[in-house]
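All remarks here apply to the structure that follows.
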Amino acid sequence: MTKVGFLGLGRMGAGMAARLIGHVDSLLVHDIAPHTIAALVAKGAEAADSAKALGAQCDIVFTSLPTPAIVRDAMAEIAGGGSPAILCDLSTSGPQLAAELDALLAPRGVASFDAPVSGGIAKAHDGTLSLMVGGPAQHYPRLEPLLERLGKPTFMGETPGAGQTMKLVNNLLGAVAIGVTAEGMAFGIKAGLDPAKMIDVLNQSTGINSATRDKWPKSVLPRTFDFGFAAALSLKDTRLLLDEAEAAEVPLPLGHIIADYLERTLAREGGEADFTAIAKVVEEAAGLNPERPA
C-alpha cells in the first residue's frame, strides 16, 4: 500500500492533487485553508491535520507552495513527522533551496526531488503540465508514474536543483515573451493597426510566442487580464532567477527589465494583478489609454 501526501492546495496544487485521487492507494492532503481540504476530501482524498502528519503517514509527499521560505519550513516539518521515502517539491523555489533540502533529507534516508511545473491552472486540472525533474535517479522510477498523472515529466539530472534551474530558464523566456509582445503591440496599436489582426499575423509568422499564442487571445485582447498567474508570483520567480544568475555570474539584463515591468504592474494594478497586466503598463508608457488601447 502506497500512501501519498499532498501539501498546498492552492490554484495549482488543488488541481494536481485531484489528479492523484483514485490512482494511488490513498491520498492525504493538507493546507492552511480548511475549505481547500474539504473540497479534495469530497473528491475522495483524506484530510491530514498537519504537514507533520503527512510525514508520519505517507510514503511519498508532494509540496506545492508559494515561496522558498514556506517550502523550507514545510519540508522540515514533514521530515520531522517521520521518514517518507520521497519528498517532491512541485513549487518554483530555486536550485539553492533544492540543494539545501537534499542536504537536509539525504542523511535521513529521504530521497529529495525538485519537480517544478509549467502550464497554468487549466493544465494542472487536465494533467498536461510540463514537469522539470531533478533528484536521485535510483528512486525516480517510483516517482515517475505519479508525475505522469500531472503531465509530461522530463528528468533533467541528479544534481539537486536541476529541475529548478530549468524552470527558471523557462520562466525567463515566458516573461520576456509577455514584455516584448506588449511593446510590439503597443507600437502597432499607436500606429493605427488592429490588435486582433496583429495577433493573427504574429501567430502565423516568426514573431509567434507563448504570449501571442495564448495570453493575448485569452486575456489581453478581451481586456480581462485573468490568465491565471499572479504578477506577484511572477515577480517572485523573476527575482529568484536574478539572484541565482548573480550568484552564477551570468548577466540577465532582460530579466531586470521584466522585474521592473512586474513591479510597475503591481504598483498600478494592485497585489492581485495578473501578470498579463504588464500590457497596461506598456500601453500607458506609449501614451495609449490602457482601458481602451485601440
Check: [Y] and [X] side chains under 4.5 Å, non-hydrogen atoms:
X    : Y    : value
V133 : Y140 : yes
M75  : T63  : yes
I208 : Q204 : no
L288 : V282 : no
L129 : S118 : no
D31  : L7   : no
F227 : D214 : yes
V110 : I86  : no

Side-chain ion pair, E283 and R223, N-O less than 4.0 Å: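 Here E283 pairs with R223 in a salt bridge, since their nearest N and O are under 4.0 Å apart.
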Should the pair R239-E263 be classified as a salt bridge under the 4.0 Å nitrogen-to-oxygen rule?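 Salt bridge: yes.
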Which one of I178, T276, D237, I121 satisfies the side-chain contact (heavy atoms from CB on, under 4.5 Å) criterion with F229?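 Testing F229 for a side-chain contact (heavy atoms from CB on, under 4.5 Å) against I178, T276, D237, I121 leaves exactly one candidate, D237.
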Is it the case that more than 12 heavy atoms not belonging to [X] sit under 6.0 Å from its [atom1] atom?
X    : atom1 : answer
K123 : NZ    : no
E158 : CD    : yes
D49  : CG    : no

Exam field: side chain R149 to backbone L20, donor-acceptor pair closer than 3.5 Å: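 Absent.
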Has D194 got a side-chain atom pairing as donor or acceptor with K197's backbone, closer than 3.5 angstrom?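 A pair under 3.5 Å: yes.
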Under 3.5 Å, is there a donor-acceptor pair linking the side chains of [X] and [Y]?
X    : Y    : value
T92  : N171 : no
D59  : T2   : no
K152 : S130 : no

Shared ILVMFWY cluster between L233 and V117, side chains joined below 4.5 angstrom?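 No, because L233 and V117 fall into different hydrophobic clusters, even though each may have its own neighbours under 4.5 Å.
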Pair R268-E284, salt bridge (charged side-chain N to carboxylate O under 4.0 Å, His left out): steps then yes or no: CA-CA 10 Å; R268 186 187 192 282; E284 190 170 61; 3.2 Å; yes
